[in-house]
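Contents: one structure, followed by commentary.
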Amino acid sequence: AGTVVYLQADAASLTARLGRSLNPDQRPSLTGDDPVAEVSKVLEEREPIYLSAAHHVVDGAARVDDVAAKVLALLVAPGTDPDTTPGDRS
């Protein structure tokens, strides 16, 4: 019974992050496709589940400190962030 915050990001942002990981070999391919196609496919399948579970959706492609500040604001004072509506799954 906790709060779920979905850090939503597009496939290109997620693929770029995976490419910057310290050891890319730690993340084997799930589908055998090129990385962008693979992330797009997996995200298309999983995002409806993530959205249905989320109490809040935050732009996960934003700068790390901006994302952290938004999440902290949501957890410390739910409903006070003007850019994110509690329960908004759009």
Side-chain angles (χ1 to χ4, degrees):
T3 301
V4 177
V5 179
Y6 172 37
L7 305 180
Q8 188 175 40
D10 60 36
S13 297
L14 295 171
T15 302
R17 286 186 185 162
L18 288 172
R20 289 191 305 260
S21 69
L22 295 175
N23 186 356
D25 295 331
Q26 288 180 312
R27 296 190 179 260
S29 174
L30 297 174
T31 65
D33 292 336
D34 73 87
V36 175
E38 176 175 61
V39 170
S40 294
K41 181 177 181 178
V42 172
L43 187 59
E44 182 180 334
E45 293 171 359
R46 294 181 181 179
E47 188 162 52
I49 298 165
Y50 299 157
L51 290 169
S52 69
H55 296 102
H56 304 282
V57 178
V58 173
D59 179 8
R63 293 173 3 113
V64 172
D65 47 340
D66 292 338
V67 172
K70 282 189 177 266
V71 171
L72 184 60
L74 288 168
L75 297 178
V76 172
T80 61
D81 185 341
D83 297 330
T84 308
T85 304
D88 180 15
R89 292 176 172 76
S90 58

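Reckoned from all heavy atoms, side chains included, excluding hydrogens, waters and symmetry mates.
In this structure, CG on Asp59 lies 8.0 Å from OG on Ser13, to the nearest 0.5 angstrom. With rounding to the nearest 0.5 angstrom, the CD atom of Glu47 is 11.0 Å from the OG atom of Ser40. Remark: Thr3 OG1 to Leu74 CG distance equals 9.0 Å, nearest 0.5 Å.
Neither side chain, Tyr50 nor Gln8, offers a donor N or O lying under 3.5 Å from an acceptor on the other.
When all heavy atoms of Ala9 and Ala61 are compared, the pair lying nearest together is CB-N, 4.0 Å. Nearest approach of Ala37 to Asp33, heavy atoms of both residues: CB-CB, 4.1 Å. Here the shortest heavy-atom pairing between Pro48 and Leu43 reads CD-O, 4.4 Å.
Between the side chain of His55 and the backbone N or O of Val4 there is at least one donor-acceptor pair closer than 3.5 Å. Side-chain atoms of Thr15 come within 3.5 Å of backbone atoms of Ala11 as a donor-acceptor pair (strictly under, hydrogens ignored).
Listed by chain and residue number, nothing satisfies the side-chain hydrogen bond (donor to acceptor under 3.5 Å, both in side chains) test with Arg46 (two or more places apart in sequence, or in another chain).
Considering Val5, Leu51, Leu7 as possible partners of Val57, the one that fulfils the side-chain contact (heavy atoms from CB on, under 4.5 Å) test is Leu51.
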